[in-house]
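Okay, structure first, notes after.
From a predicted model like this one, the values you see are computed outputs, not experimental measurements. Heavy atoms only: backbone and side chains are in, while hydrogens, waters and symmetry mates are out. First the proteins, then the strands, lettered A, B, ... as listed; each starts at 1.
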Amino acid sequence: MAAESKERKTWRYDFAAIETKWQRYWEDRGTFRAPNPGAPGFDASKPKFYVLDMFPYPSGAGLHVGHPLGYCATDIVTRYKRMRGFNVLHPMGFDAFGLPAEQYAIETNVHPAVTTKKNVEMYRRQLKMFGFSYDWTRELATSDPGYYKFTQWMFKLLVESWYNDQCRWTAADGTEIVGRARPIGELVAELESGRWGVDGNLDLVRSPEADGRREWSGMSATERRKAIDRHRLAYIDEVPVNWCPALGTVLANEEVDSEGRSERGGHPVFRRPLRQWMIQITKYAERLVTDLDELDWPEPIKIMQRNWVGRSFGAEVVFPLADKWRIENGRWIHQTFTPAYSLDGGEWPDAVKIYTTRPDTLFGATYMVLAPEHPLVEKITTPSQRKAVHQYAEAARRKSDLTRTAEAKEKTGVFTGAYAINPVNEKRIPVWIADYVLMGYGTGAIMAVPGSDRRDFEFACAFDLPIVAVVKPTADWIEERLAALTGGLNEAAASGFDRVAAEVPELAETVAARRNRADDLGGRTVEVLRNNVGMDRLVNHYVRHPRSWGEAFVEEGIAVNSPGESEADVPDGVCRLDGLPTEQAKRRIVEWLERTGVGEATVNYKLRDWLFSRQRYWGEPFPVLHDESGEVVTVGDDELPVELPAMEDFRPTPAPETADSLPEPPLSRAQEWVKVSRGGRRFRRDVNTMPQWAGSCWYYLRFIDPHNATRFCDAAAERYWMPVDLYVGGAEHAVLHLLYARFWHKMLFDLGYASTREPFQKLFNQGMIQGFAFRDRRGMIVGPDQVDERGEDEFALKGNGEPVARIIAKMSKSLKNVVNPDEIIGQYGADTFRLYEMFMGPLDASKPWNTRDVPGLYKLCQRIWRLFVDEETNMVSPALVDDPPDRDSQRALHKLVQRVTQHIELLKFNTAIAAIFDFVNAVTPLARRPRAVLEPFVLALAPFVPHLAEELWSRLGHSDTLAYAPWPAYDEALARDDEIEIALQVCGKIKSRITIPADADEKILEAAALADEKIVAAVAGKTVRKIIVVKGRLVNVIV
RNA sequence: GGGCGAGUGGCGGAAUGGCAGACGCUGGGGGCUUAAAACCCCCUCUGGUGAAAACCGGGUGCGGGUUCAAAUCCCGCCUCGCCCACCA
């Protein structure tokens, strides 16, 4: 405790000794152990609070200063809630499986199990230095077999369940839900009983007399298995992957550059289909969107999740192929089916089904486009087009998604030679293929409405296809377009404009006249045009000649160019849209589509099924076996965990750089492990592993009961602790982790293993801690150690003095601006570090680390220390007295407690700490500081600087930890000032200030203002028209 | 291209319709000290007038608007950051 100075003994604030002492105390006594219900020491009378951090991925670099930002915040909340009398669950663990560990292991040639263990130890040691009040008995790591045993068990649940999307049920909390994951046995029972059948696509058919329905009794064992497998929540499908033979590994889209080469090494990458596990997260799309409404999450995160799920409302419409179908008296007749094919309930043969969000624009569909991979392409392409179509489709297939996107500027495509019939106007329209249509969204085919869609417009221009406007543009849009077309005198704009002008003579004349006067053609020109030509003529011109205007009107508006309501010569049964605003037109056309059987309203989602296999070593093995015929069975629960085999060589296997080589995951080389026999049958284990997300999908549940060997978590404990009341982490997980975990939780909820519909009730995103970096004249990055500060915002290179610019950027090795928390703690202590990070600014803002600011917080710790401890004697300061509190120190205390309490609740720690500064500034000068004021102050300090607070608490004579001491109360009346300063304004300008009793009412304030001599002077000679009095703030005199 | 967020002193930030710049850092001045460190006190948005006290004015990215009153609300623009990106 004692730091000895050279000349005389003083008893300084010795953070190192204090922090070590109290960390040991907490650890030895198990101060922060949180018992589960029923366990010894559990107090059922207290409410619960579950505070969760996003657990770290233990990388080789160790903790950097960004990690503790969120952890400091949750620790403050945790300690505060504990003192408010909550049972608090606050655990920590490690997301220890995953690609970076494997990559690091490959680079350093050390086994990932070894590096992971080492890194976890380093992280744990670093985390403990901060004095976070985790219940360390609950620590877990996702790579621990005792943990992934249950990850595998949950994967088995996915395999052994299906999603009944027609199941209406009431959850225990009373909510009505449509759709529910159920054990696969329930589906089998329905099929076996004959109540349900399947159709040709193996979709479920529930009505007994539906067309194409196949009965269970008439199916072979293999067919039955296929039908069942197709409905499992986890299923196997052929999915294209980015296969890089040279690296011997499959790459994520982001790891492939736009040239189709690997980002690392620049080796060729091939798109190859691979049999992989997929998870039907899409079944939960609707619930993942609607359940967001009741969560206390930042709105931007909710928006991101909604966008990711991408729900849209529209219609599916059938476009029959022209050489197969004709229409007679409103009835569709197929050429070859005799008798005429019945449409009731069945799929249309020889027809293209499209999805659109704008069914109101159906009359403007002048051609169609299929994705190059669309299954119909083969079938409909005419012989003369076959070669071109093939080439195009093949080229598209090789391109990665990224490449396709990168080339998005130029529209490309090929005509198939086939025509389809637009069902609303019975026109023959050509069918094209183009890579701007994606197989993965909607039906993989579109109707092209170049008059109402930007991409279709570009395509129609590129290939000279007809463009029909079906929505009347607004005057605003026409003006904007005109301004763009006539803007300035530049040639390109003018030539675009000339096309319009050629057909509207008055318009041309006006412009020519102005052009001759060398006037500006922007701005006012539009005004002149509007007056000379008239907006109606311009709007009508667009409706007749949209192409001339160079851009499509894609917004909503009034329908045009379709049969109108009042037109007499329209045959019966034709849909009339003209004159209707978009919303009504949509409703009318959908009704028409459904009545005539060529379409229906549908909901579509961008969300895709989740690709769950990775061709990597360092992950959870799949708990499944493949037999020689390809049949898949799950292993028994008693065989879990399926342990990852210890392999000397965990590296990927490079393969020859040919397009037909296939990835060989590292596990395939563990030959003894791979081969399994059961009951005389021979099986092979799945050699893929699960993605890193798997372990983090349910770790918050394992924390509740981490040592349970028989169940992932005790049911009663789960009911007690869930949901997580506060979840803090970085925004980089806004979509994927949080969406996957929500899905996973809902699956467990449906099957009765989780008691809440959502896992994380409140979410908070911490901002990023950035760093300063320096850039010299040539743009090279220079480390801060080589830079001198020359003056205010002026920096120069050490040595030659060349000026450098300071930038704020992410902390990274390449910018040489990473700050190591160990160093800061070594120099100033954990309490100072915690204060600094919390005082930097709002928790959710990104802000730059500036080590220069740290000593200010260190000074605060020292000042607090001296309030209590006499440095000469190492005794409690003589200024600390047992007097009853005087008004000033009492007010300071109540202000402090009020502000700290309110700001902790709002997670505004920077301003809470400002309140602590204010308090210290207020009581430092006092010669006598009452114990009744300083004791509660220590308690209010405890969440922020727990070590210092414990030390002071014990020096004040308490023998027990303050971790469970009741949080100090405050009285708003005692926190209030007796007198306050009021601003006096004349016409909103401050002219004077007065000090007046805080409770002065409006009348007194008004009178005081009018009596003030500066106000009297300012209003002299004018009539006072009005006086606005804001109590406690200001008086504004209007003259 | 779309979505989301941000822009306030030399710096981090405070104030979410009511006194702009709380609190901290940096810098400057002073005190204590043989001296230094530490510590304590004062000043520190800006222009003008003034010896000074003080007084007058401007100011929250830019331009407009609403209001007695705008950093805060509305419209338009600029810059930066993050996420998504041909989603029909």
>> Could you tell me if A:D870 and A:S877 have a donor-acceptor pair between their side chains, going purely by distance under 3.5 Å?
In response: no
>> Whole angstroms only, please: what is the CD-P distance between A:Q985 and B:U67?
In response: 17 Å
>> By the 4.0 Å heavy-atom rule, please label A:K606 as base, sugar-phosphate, or nothing.
In response: base
> Touch check for A:D918, heavy atoms < 4.0 angstrom, all strands: base, sugar-phosphate only, or nothing?
Replying inline: sugar-phosphate
> Looking only at atom C1', what distance separates B:C68 and B:G17, rounded to whole Å?
Replying inline: 12 Å
> On a whole-Å scale, what distance lies between the P atoms belonging to B:G24 and B:A14?
Replying inline: 15 Å
> Whom does B:A14 pair with, Watson-Crick or G-U wobble, provided both distances fall under 3.5 Å?
Replying inline: none
>> Between B:G61 and B:U79, how many Å separate the two C1' atoms, rounded to a whole number?
In response: 7 Å
> If you check every side-chain atom of A:A983, which of B:C39, B:C25, B:C19 has the closest atom?
Replying inline: B:C19
> Partner of B:C39 by Watson-Crick or G-U wobble geometry, both contacts under 3.5 Å, or none?
Replying inline: B:G31
>> Please give the distance between the C1' atoms of B:C82 and B:U46 as a whole number of Å.
In response: 34 Å
> Taking the side chain of A:I990 as its heavy atoms from C-beta onward, which of B:A14, B:G12, B:C19 lies nearest to it?
Replying inline: B:C19
> Between B:A88, B:C68, B:G24, which one does the side chain of A:V437 approach most closely?
Replying inline: B:A88
> Which base, if any, makes a Watson-Crick or G-U wobble pair with B:G5, both distances under 3.5 Å?
Replying inline: B:C80
>> Just to be sure I understand the rule, does A:S846 reach a base, reach only the sugar-phosphate, or reach nothing, if contact means heavy atoms closer than 4.0 Å?
In response: sugar-phosphate
>> Mind checking if A:G310 touches a base, just sugar-phosphate, or nothing, with heavy atoms under 4.0 Å?
In response: nothing
> Looking at A:K859, does any N or O in its side chain come under 4.0 Å of the phosphate oxygens OP1/OP2 on B:C39?
Replying inline: no
>> Heavy atoms from C-beta onward define the side chain here; which of B:A88, B:C55, B:C25 lies closest to that of A:D853?
In response: B:C25
>> Does this structure show an ion pair linking A:E1002 with A:K1031, if we count only N-O contacts that are shorter than 4.0 Å?
In response: no
> At what distance, to the nearest 0.5 angstrom, does CG of A:D456 lie from CD1 of A:I467?
Replying inline: 9.5 Å
>> Does B:G58 have its OP1 or OP2 closer than 4.0 Å to a side-chain nitrogen or oxygen of A:K989?
In response: yes
>> Please tell me whether A:Y605 and A:S312 have a donor and an acceptor in their side chains that are separated by less than 3.5 angstrom.
In response: no
> If you measure from the P atom in B:C4 to the same atom in B:C42, how many Å do you get, rounded?
Replying inline: 48 Å
>> Regarding A:Y13 and A:T832, do their side chains bring together a donor and an acceptor under 3.5 Å, going by distance alone?
In response: no
> So does A:N307 get a side-chain nitrogen or oxygen closer than 4.0 Å to the phosphate oxygens (OP1/OP2) of B:C83?
Replying inline: no
>> Heavy atoms from C-beta onward define the side chain here; which of B:C68, B:C86, B:C39 lies closest to that of A:I1038?
In response: B:C68
> Using a cut-off of less than 4.0 Å, is there contact between a side-chain N or O of A:Y441 and OP1 or OP2 of B:A88?
Replying inline: yes
> Considering only B:C68, B:A88, B:C23, which nucleotide approaches the side chain of A:I1028 most closely?
Replying inline: B:C68
> Is A:P842 touching bases, backbone alone, or none of the nucleic acid, heavy atoms closer than 4.0 Å?
Replying inline: sugar-phosphate
>> Rounded to whole Å, how long is the line connecting atom CD1 of A:I769 with atom P of B:C11?
In response: 20 Å
> Just checking, A:K411 and A:Y436: is the charged tip under 6.0 Å from the six-membered ring centre and within 45° of the axis?
Replying inline: yes
> Rounded to the Å, how far apart are A:I301 CD1 and B:C4 P?
Replying inline: 13 Å
> Could you state the NZ-C1' distance from A:K1031 to B:A69, rounded to the nearest angstrom?
Replying inline: 20 Å
> Is the phosphate of B:A22, meaning OP1 or OP2, less than 4.0 Å from a side-chain N or O of A:K895?
Replying inline: no
> How are the rings of A:Y367 and A:F459 set to each other: parallel, tilted or perpendicular (split at 30° and 60°)?
Replying inline: parallel
> How is A:L1034 classified with respect to the nucleic acid when contacts are heavy atoms under 4.0 Å: base, sugar-phosphate, or nothing?
Replying inline: base
> Considering every strand shown, what is the Watson-Crick or G-U wobble mate of B:A85 when both distances are under 3.5 Å?
Replying inline: none
> Picking from B:C19, B:C25, B:A88, which would you name as closest to the side chain of A:R852?
Replying inline: B:C25
> Mind checking who B:C73 pairs with, Watson-Crick or G-U wobble, both distances under 3.5 Å?
Replying inline: B:G65
>> Does B:G24 have its OP1 or OP2 closer than 4.0 Å to a side-chain nitrogen or oxygen of A:N921?
In response: yes
> Hey, what's the ring geometry for A:F944 with A:F909, parallel, tilted or perpendicular (30° and 60° as the breaks)?
Replying inline: perpendicular
Taking distance alone, no hydrogens or angles, what donor-acceptor pairs closer than 3.5 Å link side-chain atoms of residues 303-310 of chain A to residues at least two apart or in another chain?
{"residue": "A:Q305", "atom": "OE1", "partner": "A:R742", "partner atom": "NH1", "Å": "2.7"}
{"residue": "A:Q305", "atom": "NE2", "partner": "A:A734", "partner atom": "O", "Å": "2.9"}
{"residue": "A:R306", "atom": "NH2", "partner": "A:D293", "partner atom": "OD1", "Å": "3.3"}

>> Without decimals, in angstroms, what is the distance between A:L438 CG and B:A85 P?
In response: 11 Å
> B:A69 and B:C19: how far apart are their P atoms, nearest whole angstrom?
Replying inline: 14 Å
> Taking the C1' atom of each, how far is B:A52 from B:G58, in whole Å?
Replying inline: 24 Å
> In whole Å, what separates the P atom of B:A38 from that of B:G21?
Replying inline: 30 Å
> A:W308 has an atom CH2; how far is it from atom C1' of B:C4, in whole Å?
Replying inline: 15 Å
> Of the nucleotides B:G24, B:A88, B:G18, which one has an atom closest to the side chain of A:N1036?
Replying inline: B:G18
> Touch check for A:R1025, heavy atoms < 4.0 angstrom, all strands: base, sugar-phosphate only, or nothing?
Replying inline: nothing
>> Taking any heavy-atom pair under 4.0 Å as a contact, classify A:R863: base, sugar-phosphate, or nothing.
In response: sugar-phosphate
> Base, sugar-phosphate alone, or nothing: which one does A:F917 contact when heavy atoms must sit under 4.0 Å apart?
Replying inline: sugar-phosphate
> Parallel, tilted or perpendicular: which fits the ring planes of A:W849 and A:F833, with parallel below 30° and perpendicular above 60°?
Replying inline: tilted
> RNA chain B: A:R1033 or A:I303, which has the more 5' nearest nucleotide?
Replying inline: A:I303
> How should the glycosidic conformation of B:G9 be described, syn or anti, under the criterion that syn lies within 90° of 0?
Replying inline: syn
>> Can you measure A:Q770 atom CD to B:G7 atom C1' for me and round it to whole angstrom units?
In response: 14 Å
>> For B:G47, give the paired nucleotide (Watson-Crick: N1-N3 plus N6-O4 or O6-N4; G-U: N1-O2 and O6-N3; both under 3.5 Å), or none.
In response: B:C56
>> With a 4.0 Å cutoff (strictly under), does any side-chain N or O of A:Q862 reach OP1 or OP2 of B:A38?
In response: no
> Separation of A:M304 atom CE from B:C82 atom C1', in whole Å?
Replying inline: 7 Å
> On RNA chain B, nearest-nucleotide positions of A:A445 versus A:M768: which is more 5'?
Replying inline: A:M768
